[in-house]
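Take a look at the structure set out below.
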Amino acid sequence: MSDEKKEQYYYPNKWSRVVLTSAEEIMGDKGVTALLNMAGKPELIDNYPPDNMKKEFSFEDFSQLQQAMWDMYGKRGARVFATRAGEQSFKDGVSQFRSVASAAQVAMKVGTLEGKIKLGLEFFQKFFNTVSDQVVEVKEDDKHWMWIIKRCPICWGRKSDEPVCYLAVGVLQGALGWVAEGKKFRIMPVECIAKGDPAGVIKIEKVPVE
Ligand SMILES: [Zn+2]
């Protein structure tokens, strides 16, 4: 162990809690208990992080929960679960952050679908960057929006030969479904810090598939 001081990054308690409660809806409380054991976090069984916005849940712990999902369900299952958990987290988040949600809705009231999505993504990016140590940037080209995660709690310290940040894919899926009701977009994780890229990049096709 080195005594060199490592910088620690944190997610708000509430968000880690939402990830666990939404995982419960998907895999049941037995599933979450198994997940927490697998992640080496038995102290969280029936003892989820408190429902507040204090930045106390470390990126290390957060990514270990994600890794445990991989260990339990394999690559394919974990992708599906992580995406669903992300989508559910967004929904639960919106219902808990009514003031933020309605501010976003006011901002998005006018304009084209494309304009709304741009505003929505920028809004969520600012929100993420403000209340957590996650760092996100939004860029675009002709055909895509790019959600760029420069400091990522999902794959913190993980190694993989392909993108693993499907929780973020799910969150974006939830966010876009909320911004553009009834529309579906193709959302693809293309780069990931876990596979050695400088940042995580999730591409969203601007033209909806339905
Ligand atoms: Zn990542």
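In each ligand, atom 1 is the first atom listed, and ligand 1 is the first ligand listed.
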With no hydrogens and no angle check, is any side-chain donor or acceptor of [X] less than 3.5 Å from a backbone partner on [Y]?
| X | Y | value |
| --- | --- | --- |
| Asn13 | Asp51 | no |
| Asp197 | Ala199 | no |
| Asn37 | Thr33 | yes |
| Arg17 | Pro50 | no |

Does the pair Lys143/Glu205 count as a salt bridge with the N-to-O cut at 4.0 Å?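 The answer is no: the pair does not qualify as a salt bridge.
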Among the protein atoms near the Zn ion (ligand 1), how many are N, O or S and lie under 2.8 Å away? 3
Name all residues meeting the side chain to side chain contact (heavy atoms under 4.5 Å, CB included) criterion together with Val207; count only those two or more places apart in sequence or in a different chain, and write none if there are none. none
